[in-house]
Amino acid sequence: YRDAVVNTASGEITRYEMRHKPEHIVIVDANRYHYLNFPVSISYKPWATDHVRINIEGGASYMHFMTASGKSLDYQNLEIIDLKDREFRNSIGSIFMKVGATYHVSQQFSLGFEPTVVYFTNTIYTEEYPFEVIPYSMGLNLKLQMKLN
């Protein structure tokens with residue numbers, strides 16, 4: 001919807017001007033980031049009742065970046081870029097904490113949930129971005145376990 005006005009001497013964007021004819025940009029591809037994750041954790045799983053077990057787990061992990069695929073917008077010039085052409089950090093560290101419960105229906109079958117918080121040591125971007133990147137993630141792991149004897 002706007003064009004960047006670039007200072008020819010410095011190469012920096014100084015302002016934006018509205019385009020006379022609006023342009024709608026739609027990116028339909030899913031962005032994918034591929035990492036190898038090497039976690040180390042310790043957990044404590046006491047029985048709360050005859051069928052319910054509490055799970056308290058904490059740890060750290062090292063993630064090695066492999067590749068990315070998809071499309072995004074370059075915030076500096078508003079051009080569509082391919083993620084495989086972008087530079088990302090090769091390494092990211094994280095610490096995590098999980099607290100949940102597992103209900104054992106029988107010796108072979110159980111259901112559970114684990115709210116999880118992960119804090120990352122840095123972001124995947126090598127340069128500073130114009131928006132704040134949140135270095136943490138929160139989620140809920142749902143567990144379905146069946147032992148095959």
Side-chain angles (χ1 to χ4, degrees), residues 1-46 48 52-104 109-148:
Y1 298 111
R2 58 190 180 153
D3 285 319
V5 177
V6 179
N7 181 326
T8 54
S10 68
E12 294 182 0
I13 295 175
T14 56
R15 68 182 193 284
Y16 293 95
E17 290 181 355
M18 297 300 286
R19 291 185 179 173
H20 298 291
K21 181 180 172 193
E23 188 173 319
H24 188 68
I25 299 172
V26 177
I27 300 173
V28 294
D29 292 341
N31 292 343
R32 293 190 175 108
Y33 302 88
H34 299 270
Y35 282 88
L36 286 178
N37 188 17
F38 301 97
V40 176
S41 66
I42 187 166
S43 67
Y44 177 61
K45 298 180 180 184
V52 177
R53 193 168 211 170
I54 304 298
N55 181 29
I56 302 167
E57 184 176 354
S61 77
Y62 167 78
M63 292 176 280
H64 178 74
F65 177 75
M66 296 181 65
T67 185
S69 61
K71 306 265 187 232
S72 185
L73 285 177
D74 186 327
Y75 74 92
Q76 293 175 325
N77 56 22
L78 301 178
E79 291 180 1
I80 296 175
I81 57 171
D82 198 331
L83 289 178
K84 69 179 178 196
D85 298 332
R86 224 184 137 160
E87 287 193 34
F88 295 100
R89 291 188 199 281
N90 288 332
S91 301
I92 297 177
S94 70
I95 57 173
F96 61 89
M97 180 72 177
K98 302 176 186 181
V99 178
T102 303
Y103 180 75
H104 293 264
F109 186 73
S110 64
L111 302 166
F113 70 95
E114 287 179 339
T116 304
V117 176
V118 180
Y119 181 81
F120 299 96
T121 57
N122 52 17
T123 68
I124 62 172
Y125 302 109
T126 56
E127 73 272 354
E128 197 169 309
Y129 242 56
F131 49 84
E132 183 180 356
V133 177
I134 299 172
Y136 65 89
S137 171
M138 295 188 308
L140 177 65
N141 297 333
L142 300 176
K143 296 168 43 173
L144 172 66
Q145 184 175 10
M146 186 174 4
K147 293 181 183 176
L148 303 174

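We number each residue from 1, following the sequence as shown.
- Taking all atoms of both residues into account, the shortest heavy-atom contact from Val52 to Ala101 is CG1-CB, 4.3 Å.
- Between Glu57 and Phe96 the shortest side-chain heavy-atom distance falls below 4.5 Å.
- Classified by interplanar angle (parallel below 30°, tilted 30° to 60°, perpendicular above 60°), the ring pair Phe65/Phe88 is tilted.
- Nearest heavy-atom pair across Asn31 and Gly70 is OD1-CA, 3.4 Å.
- Rounded to the nearest 0.5 angstrom, Ile56 CD1 and Lys45 NZ are separated by 11.5 Å.
- Surrounding CG of Leu140 are more than 12 heavy atoms belonging to other residues, nucleotides or ligands, all under 6.0 Å away.
- Ser137 places no side-chain N or O within 3.5 Å of a backbone atom of Val118 that could act as its donor or acceptor partner.
- One distance of note links CD1 of Ile92 with OH of Tyr62; it measures 9.5 Å at 0.5 Å rounding.
- Nearest heavy-atom pair across Asn122 and Gly93 is OD1-N, 4.4 Å.
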query: Would Asp82 and Lys71 satisfy side-chain contact (heavy atoms from CB on, under 4.5 Å), going step by step from the backbone distance to the final call?
result: CA-CA 5 Å; Asp82 198 331; Lys71 306 265 187 232; 3.6 Å; yes
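- Across every non-hydrogen atom of Ser69 and His34, the tightest pair is OG-NE2, 4.5 Å.
- With hydrogens and angles left out, the side-chain atoms of Thr14 and Asn7 include no donor and acceptor closer than 3.5 Å.
- Here the straight-line distance linking atom CD of Gln145 with atom CG of Leu111 works out to 10.0 Å at 0.5 Å rounding.
- No donor-acceptor distance shorter than 3.5 angstrom exists from the side chain of Ser41 to the backbone of Gly59, with no hydrogens or angles considered.
- Using a 4.5 Å heavy-atom threshold, the side chains of Phe109 and Leu144 count as touching.
- Of all non-hydrogen atoms in Pro115 and Gly100, the two that sit nearest each other are CD-CA, 4.2 Å.
- In this structure, CE on Met63 lies 10.0 Å from OG on Ser91, to the nearest 0.5 angstrom.
- The heavy-atom pair separating Ser110 from His104 by the smallest distance is CB-ND1, 3.7 Å.
- Here the CZ-OH distance, from Phe113 to Tyr103, works out to 13.5 Å after rounding to the nearest 0.5 Å.
- Between Thr67 atom OG1 and Lys84 atom NZ the span is 8.5 Å, to the nearest 0.5 Å.
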